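This report refers to the structure that appears directly beneath it.
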Amino acid sequence: MEFQDKVVLVTGGTRGIGRQISLDFANEGAIVIANYYHDDNSASSLISDNIDVYKADISSEEEVKKMIDDIISKYKKIDILVNNAGISNDSLFEDKTKDSFMKILEVNLVGAFLVSKYAFKYMENGSIINISSTNGIDTNYIYSLDYDASKAGLISLSANLSKLSSKVRVNTICPGWVDTDMNKDMDLEFKNEELSKIMLNRFGTCKEISNVCLFLASSKASYVNNAIIRVDGGKR
Ligand code: NAD
């Protein structure tokens, strides 16, 4: 199996896209630590022989440091890190505040920085995959300007991290619309408008994002570094 005995940390790994990534790595023989912050029930339902869950707020330096220390004392190494945890806050421009903007940055961008920083020194011949968004490339939505900025920042963070060490490849996935809880309250009219912009005429599945993530972490992608891959069904 491709990931036999590899230690994989997936942030936000117990729900949505992250949950699928955790399950797929585990099915390929990896030992997975699925970090999460919300929803203890979905986390405990994921625990299995080779999936452990770890509750920590990735925007807290203290909690991230402790999480990495605990993982290293238990598993001795980290081979693959997937910075997947993310939050959004669609709201009117005039309703956004400094605090609400900072909260998005702290989780989506600073959180990915902190986990990468503390994990990096334990990674040898490893791989980091950052889950950004097409919103980080195409800034089309005034309602999510804070989220879009955080995802653009994550693309920039990936580029810099990819130049840190020849032993750690760092790549970015930019999903378009994916069917997860993040979009569960979407207005139907807006959803239809968005669907009309997608060549494949549907939202993506968590599996379709996870497939690309596992490819990037695998030996098949051994010469792929600092790549940005859109997985959006061909969004216009
Ligand atoms: P989701 O809301 O279903 O899951 C997000 C996960 O992040 C949850 O497990 C949550 O506990 C975790 N999380 C949130 N804040 C955290 C924190 N402070 N510390 C630790 N964990 C935290 O979301 P999803 O749709 O599966 O999205 C996963 C990633 O994919 C996100 O980064 C998101 O921005 C990105 N993305 C999603 C879509 C989409 O359409 N769903 C599109 C593009 C990009």
Side-chain angles (χ1 to χ4, degrees), residues 9-24 32-46 51 53-68 81-90 102-116 118 128-141 144 146-155 157-158 172-186 190-191 194-195 197-198 202-210 212-213 228-233 235:
L9 170 59
V10 184
T11 68
T14 62
R15 271 193 358 209
I17 295 169
R19 186 180 183 93
Q20 187 67 52
I21 291 171
S22 297
L23 287 167
D24 289 350
V32 177
I33 301 99
N35 151 262
Y36 73 104
Y37 190 47
H38 313 100
D39 199 346
D40 292 320
N41 288 338
S42 69
S44 51
S45 70
L46 191 61
I51 306 183
V53 297
Y54 195 106
K55 189 170 188 171
D57 175 2
I58 59 157
S59 66
S60 155
E61 182 157 18
E62 213 184 328
E63 291 186 34
V64 169
K65 192 172 177 315
K66 184 173 183 318
M67 173 173 72
I68 301 296
L81 164 63
V82 184
N83 282 313
N84 164 77
I87 54 171
S88 59
N89 169 36
D90 288 3
M102 290 308 290
K103 182 72 205 158
I104 299 286
L105 286 185
E106 277 172 10
V107 176
N108 296 4
L109 179 56
V110 182
F113 157 70
L114 289 172
V115 183
S116 304
Y118 285 102
I128 297 178
I129 294 110
N130 289 322
I131 309 294
S132 176
S133 166
T134 49
N135 288 40
I137 305 172
D138 316 316
T139 49
N140 289 330
Y141 306 99
S144 59
D146 35 16
Y147 176 85
D148 299 359
S150 73
K151 292 299 186 179
L154 189 54
I155 292 171
L157 180 73
S158 290
T172 309
I173 298 175
C174 290
W177 290 113
V178 183
D179 261 323
T180 70
D181 283 354
M182 199 174 249
N183 305 317
K184 69 178 183 326
D185 300 323
M186 189 182 256
F190 178 64
K191 182 169 185 174
E194 289 302 298
L195 279 172
K197 297 179 198 160
I198 302 169
R202 63 175 176 81
F203 281 14
T205 64
C206 294
K207 185 77 182 171
E208 287 169 320
I209 308 304
S210 179
V212 179
C213 183
I228 303 165
I229 303 186
R230 296 180 75 118
V231 187
D232 65 355
K235 203 158 154 234

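Note that the structure is predicted; figures quoted are calculated from it, not measured. Whatever order the structure lists ligands and atoms in, that order sets their numbers, starting from 1.
- Contact check on D179 versus R202 returns no salt bridge, with no Lys/Arg side-chain nitrogen under 4.0 Å from an Asp/Glu carboxylate oxygen.
- With respect to the salt-bridge test (charged N to carboxylate O, under 4.0 angstrom), the residues K197 and E194 qualify.
- Ring planes of F203 and W177: parallel class, angle under 30° (limits at 30 and 60°).
- Of the charged side-chain nitrogens involved, none lies within less than 4.0 Å of a carboxylate oxygen, so that E61 and K66 do not count as a salt-bridged pair.
- The 12-atom threshold is exceeded at NZ of K235, counting heavy atoms of other residues, nucleotides or ligands nearer than 6.0 Å.
- Ligand 1 is surrounded by G12, T14, R15, G16, I17, N35, Y36, Y37, H38, A56, D57, I58, N84, A85, G86, I87, V107, I131, S132, S133, Y147, K151, P175, G176, W177, V178, T180, M182, N183, each with at least one heavy atom closer than 4.0 Å.
- Looking at residues two or more places apart in sequence or on another chain, you find a side-chain hydrogen bond (donor to acceptor under 3.5 Å, both in side chains) between R230 and D138, D232.
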